[in-house]
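Because the structure is a prediction, the values reported are computed rather than measured. Just follow the structure's listing: the first ligand is 1, and inside any ligand the first atom is 1.
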Amino acid sequence: MILIGRYLSPFTRRVAVSLKLLGLPFERRPLTAWHDLEELRRLNPVGRVPALILDDGEMIFESSAILDEIDRIAGPDRALLPAAGPARREALRVTAVALGVMDKAAAARYERVMRPKEKVHQPWIDHNIGQVMSGLGWLEERFADTALPPEMSQPVISTVVAHDFLAVAMAQMVDLQGVPALRALSQACADLPAFAETRPEIDL
Ligand SMILES: N[C@@H](CCC(=O)N[C@@H](CS)C(=O)NCC(=O)O)C(=O)O
C-alpha cells in the first residue's frame, strides 16, 4: 500500500499510526496540496491528503474511509473501532471530536500562514481556536481517568494526533497547559514506534 501525505497532516498521521500499530506495511509519498497539487488531484479529485493506494491499485481518500478499510483488512479482533453498538457509537463520538479539533486547528493555521499578513482576519482565527479549545476540553474530560499506557483504539490515536498537531504546529496559538490528561496521554504514546516514527515536522 502507498500512503499519500506528510505527517504534519494530522489526518495522514492518524492513518499512518493505525497502519503501523496493525503491522500493515506501506510506502509513503509526502505530497501536499501546496507543492504537488496536479499530482494530488490525479489521486484525489479534491486534491487533499491523505489518500491510500491499495495493493491492487485501487484508491481511497478521506481518512475515515481509509481507516474503515484498514479495520476491515485487520479483521474484527484487531480493528481499532468496535464493530457495533454503544461502544462503536462512543468511539465514533470521541474520534469525531478529535477530527473536529484537527479541522478547526487547520482552519486557524491556514488563516495565519496562507494569507498575506494584512489580510489575516483575527476574529476568524479566534473563532476557530475557541472551537479547538472547546473540543479539547471535552476530550480532556473523556480521558481524565484513562489508565496509562492506554489500550490502543482509534479514539486514542486520533486524540493523540490532534494534540500533537497543536503542540508542534500551533504552539503560539493554543495553550495546552489546561489539558494535562491529554498531554499525559500523548507522552505515554510518544515512544511507541507507531508514534515516534511518524512525528510531525513543520515545513510550511
Ligand atoms: N476530512 C479530510 C480532511 C483532509 C485535509 O483537510 N487534508 C489537508 C491536510 S491536513 C489538505 O490536504 N489540505 C489541502 C487543501 O485543503 O487544499 C480527511 O479526514 O481526510
Considering only protein heavy atoms, which is closest to [atom], and at what distance to one decimal place?
atom                    : result
atom 12 (O) of ligand 1 : Val49 N, 3.0 Å
atom 16 (O) of ligand 1 : Arg48 CD, 3.6 Å
atom 1 (N) of ligand 1  : Glu62 OE1, 2.9 Å
atom 17 (O) of ligand 1 : Ala33 CB, 3.7 Å
atom 20 (O) of ligand 1 : Ser63 N, 2.9 Å

Test: [X] and [Y] ion pair at under 4.0 Å:
X      : Y      : answer
Arg41  : Glu38  : yes
Arg183 : Asp175 : no
Lys119 : Glu111 : no
Arg13  : Asp164 : yes

### Message
Please determine whether any non-hydrogen atom of Tyr110 lies less than 4.0 Å from an atom of ligand 1.
### Response
yes

### Query
Can you find a non-hydrogen atom of Ala106 under 4.0 Å from ligand 1?
no

### Query
Counting each atom of ligand 1 from 1 as listed, which ones have a heavy atom of Pro50 under 4.0 Å away?
20 (O)

### Query
Can you find an N or O of Phe11 that's nearer than 3.5 Å to an N or O of ligand 1?
no

### Query
Looking at ligand 1, does any of its N/O atoms fall within less than 3.5 Å of an N/O of Ser9?
no

## Note on the structure
The single option from Ile60, Asp55, Asp56 that satisfies side-chain contact (heavy atoms from CB on, under 4.5 Å) with Met1 is Asp55

### Message
Please check: side-chain N/O of Asn128 versus main-chain N/O of Trp124, any donor-acceptor pairing under 3.5 Å?
### Response
yes

### Task
Compute whether any side-chain donor of one residue and acceptor of the other, for Thr12 and Arg48, lie under 3.5 angstrom apart.
no

